[in-house]
Amino acid sequence: MNTKAEIRANIVRLLGELDGRAKLLAATKTVPPELINYAADCGVTLIGENRADELLAKYDALDRDRLEIHFIGRLQSNKVKYIIDKVSMIHSVDSLTLAAEIEKQAAKRGLVMPVLAEVNIAGEESKGGVPLAEVEAFVEKLAAFPHLSVRGLMTVPPKTDRPDENLQYFQKIYQKFIDIRDKKVDNKEWGILSAGMSGDYAVAVSAGANLVRIGSGIFGARPTPVR
Ligand SMILES: *Cc1c(COP(=O)(O)O)cnc(C)c1O
């Protein structure tokens with residue numbers, strides 16, 4: 001994990017580079033609340049957690065007056081009830097079973113949950129997300145749930161040392177994002193393309209991503225890899 005000075009330098013550099021073209025989400029899995037709150041001191045306004053249990057454990061210690069919290073990891077339906085009133089967006093919706101549970105829990109609390117449809121852009125078996133060819137039909141179905149607000153698409157592209165290799169994937173998901181927007185499948189609040197992580201965010205933004213999720217590029221290497 002990086003020192004505070006390194007964390008500050010990373011955030012300042014990233015915010016400068018992004019220059020308002022894309023929103024910075026700090027991916028905070030394995031990062032203790034004290035350092036997450038320090039990131040808020042440095043200008044971070046949005047964080048993303050991956051695991052319901054970890055979010056619950058950290059929740060009370062987070063500076064929620066300054067930090068918006070999104071859920072970005074794979075979400076089991078039976079955990080939805082624990083996080084539904086703690087996050088302001090779920091990036092990782094990739095099944096109707098999960099969508100139906102979010103609908104049920106959101107309705108119970110009288111709220112409408114903003115969600116992104118997760119796309120498995122490279123058809124990787126180990127990853128969640130719906131295939132690109134099925135995204136449009138999936139988004140139409142999500143749009144029919146009264147307590148979900150479909151805001152856009154999210155993807156986790158293949159890990160690579162050569163970010164340019166992911167350009168093709170970012171271009172493909174951007175095209176789909178635009179197609180859906182233009183067809184007004186759901187025209188209420190469509191507008192977020194969440195793609196790009198520490199290794200490839202610059203490529204993602206060049207291809208149209210407007211929200212990047214950055215973990216190690218802010219906080220340093222994680223003690224153990226977590227997905
Ligand atoms: C961990 C994680 C990130 C950030 O990954 P880094 O490579 O550390 O920037 C982004 N999105 C998701 C879904 C993640 O789990």
Side-chain angles (χ1 to χ4, degrees), residues 1-3 6-15 17-18 22-33 35-36 39 42 44-55 57-58 67-76 79-80 83 87-95 98 114-122 124-130 151-167 169-170 173 177 192-207 209-227:
M1 199 88 55
N2 282 338
T3 64
E6 288 165 332
I7 290 170
R8 179 178 290 277
N10 286 335
I11 292 169
V12 168
R13 179 179 45 76
L14 283 163
L15 289 173
E17 266 179 47
L18 295 172
K23 175 96 181 163
L24 175 64
L25 176 150
T28 48
K29 55 178 176 262
T30 77
V31 180
L35 285 183
I36 299 176
C42 304
V44 165
T45 59
L46 173 63
I47 66 167
E49 283 286 341
N50 281 68
R51 291 178 46 223
D53 304 358
E54 186 176 338
L55 170 59
K58 292 177 183 177
L67 291 168
E68 197 184 334
I69 307 172
H70 287 182
F71 195 87
I72 62 173
R74 295 195 85 167
L75 181 56
Q76 290 168 286
K79 299 284 173 70
V80 171
I83 65 146
V87 301
S88 59
M89 186 175 293
I90 299 173
H91 287 223
S92 44
V93 179
D94 65 353
S95 78
L98 176 57
V115 301
L116 304 179
E118 181 171 353
V119 181
N120 191 332
I121 195 69
E124 294 175 280
E125 262 179 38
S126 60
K127 281 185 185 157
V130 300
R151 301 292 176 94
L153 303 178
M154 177 270 212
T155 196
V156 181
K159 232 184 152 39
T160 173
D161 295 332
R162 314 226 350 248
D164 281 351
E165 290 176 347
N166 280 342
L167 179 61
Y169 297 125
F170 294 127
I173 196 169
F177 174 72
I192 297 181
L193 181 55
S194 168
M197 316 201 310
S198 297
D200 55 16
Y201 69 88
V203 179
V205 172
S206 78
N210 57 22
L211 191 158
V212 294
R213 308 178 309 269
I214 301 193
S216 52
I218 294 175
F219 300 104
R222 287 178 283 278
T224 47
V226 183
R227 183 54 86 196

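Residue numbers start at 1 and run along the sequence shown. Whatever order the structure lists ligands and atoms in, that order sets their numbers, starting from 1. Everything numeric here is computed off the predicted structure, so don't read it as measured data. The figures that follow rest on heavy atoms only: side chains count, while hydrogens, waters and symmetry mates do not.
Those atoms of ligand 1 that come under 4.0 Å of a heavy atom in Asn50, given as number and element, are 14 (C), 15 (O). Close contacts of ligand 1 with Lys29, meaning ligand atoms under 4.0 Å from a residue heavy atom, involve 1 (C), 2 (C), 3 (C), 14 (C), 15 (O). Close contacts between ligand 1 and Arg213 involve ligand atoms 4 (C), 9 (O), 10 (C), 11 (N), 12 (C), 13 (C) [criterion: under 4.0 Å to a heavy atom]. Contact atoms of ligand 1 toward Ile214: 9 (O) (distance under 4.0 Å to a heavy atom of the residue).
Judged purely by atom type and a 3.5 angstrom limit, Asn2 uses its side chain to pair as donor or acceptor with the backbone of Ile218. Asn210 contributes a side-chain N or O that, together with a main-chain N or O of Leu193, makes up a donor-acceptor pair within less than 3.5 Å. Side-chain N or O atoms of Thr28 include none that pairs as donor or acceptor with a backbone N or O of Val31 at under 3.5 Å.
The distance from the CE atom of Met89 to the CG atom of Leu25 is 10.0 Å, given to the nearest 0.5 Å. Rounded to the nearest 0.5 angstrom, Leu24 CG and Leu14 CG are separated by 5.5 Å.
For the side chain to side chain contact (heavy atoms under 4.5 Å, CB included) with Val205, the qualifying choice from Asp200, Leu211, Val212 is Val212, the only one to do so.
Considering only residues two or more places apart in sequence or on other chains, Ser198 meets the side chain to side chain donor-acceptor pair (under 3.5 Å) condition with Ser216. Under the side chain to side chain donor-acceptor pair (under 3.5 Å) criterion, Ser194 pairs with His91, Arg213, sequence neighbours left out.
Contacts of Ser216 with ligand 1, taken as heavy-atom pairs under 4.0 Å, involve both backbone and side chain.
Of the listed options Val212, Ile72, Thr155, Leu25, Ile72 places a heavy atom closest to atom 13 (C) of ligand 1. Nearest-heavy-atom check against atom 4 (C) of ligand 1 across Gly48, Gly217, Ala27, Ala26 picks out Ala27. In the candidate list His70, Lys127, Met197, Met197 is nearest to atom 10 (C) of ligand 1, counting heavy atoms. Of the listed options Ser198, Ala195, Gly128, Ser198 places a heavy atom closest to atom 6 (P) of ligand 1.
Ligand 1 has a nitrogen or oxygen under 3.5 angstrom from a nitrogen or oxygen of Gly215.
For His91, the heavy-atom gap to ligand 1 stays at 4.0 angstrom or more.
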